[in-house]
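By convention here, the first residue in the shown sequence is residue 1.
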Amino acid sequence: MKTIWAHIFILLYITAMLRPVMPLANYLINQDYIAEFLCINKDKPELECNGKCYLAEQLKKASEEKEKNLPAIAMEEYPIGIILLTSFQTIETTETPQKANFHYTNSYTFSYLNSVFHPPSFTS
């Protein structure tokens, strides 16, 4: 029973992932029909679009539909961590900032070895 549910969920996942590619697959399968009957530029044979105009229209429609179905998220309603989303006021000063005294100590050491490790050799 678990494997049946796993197969169903995998099939649903693959279907959802392939949905944006479906207009392209439909174009590749029905290219002759689309070029002959559904092409927008049938009256302009010099463009030689062969139905690519129809494919571009279908892809645009699919992307618009995808964007339309996305939920809008108001970030004001979801504070990040313990920080609340508030507006901060900046104070402008005309004073010159003082230079901070930073002290840097280089504590890096390197242990140089003259000998190079060689793995033991086996003789037969």
**Student:** For the hydrophobic clusters of this structure (ILVMFWY residues joined by side-chain heavy atoms under 4.5 Å, transitively), does one cluster hold both Tyr33 and Met22?
**Tutor:**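 Hydrophobic grouping puts Tyr33 apart from Met22.
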
**Student:** So, for Ile34 and Asn26, which heavy atoms are closest and what is the spacing to 0.1 Å?
**Tutor:**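 Heavy atoms of Ile34 and Asn26 come nearest at CD1-O, 4.1 Å.
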
**Student:** Quick check on the hydrophobic clustering: are Tyr54 and Ile29 connected, directly or via other members, by side-chain heavy-atom contacts under 4.5 Å?
**Tutor:**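 No, it is not one cluster - the side chains of Tyr54 and Ile29 are not joined through contacts under 4.5 Å.
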
**Student:** In the single-linkage hydrophobic clustering (I, L, V, M, F, W, Y; side-chain heavy atoms under 4.5 Å), do Ile10 and Met1 co-cluster?
**Tutor:**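 Per the 4.5 Å side-chain linkage, Ile10 and Met1 are not co-clustered.
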
**Student:** Out of curiosity, Leu18 CG to Tyr13 OH, how far, rounded to the nearest 0.5 Å?
**Tutor:**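 So the gap between those two atoms works out to 10.0 Å.
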
**Student:** Once rounded to the nearest 0.5 Å, what's the spacing between atom CG of Leu55 and atom CG of Leu59?
**Tutor:**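 Reported value, rounded in 0.5 Å steps: 4.5 Å.
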
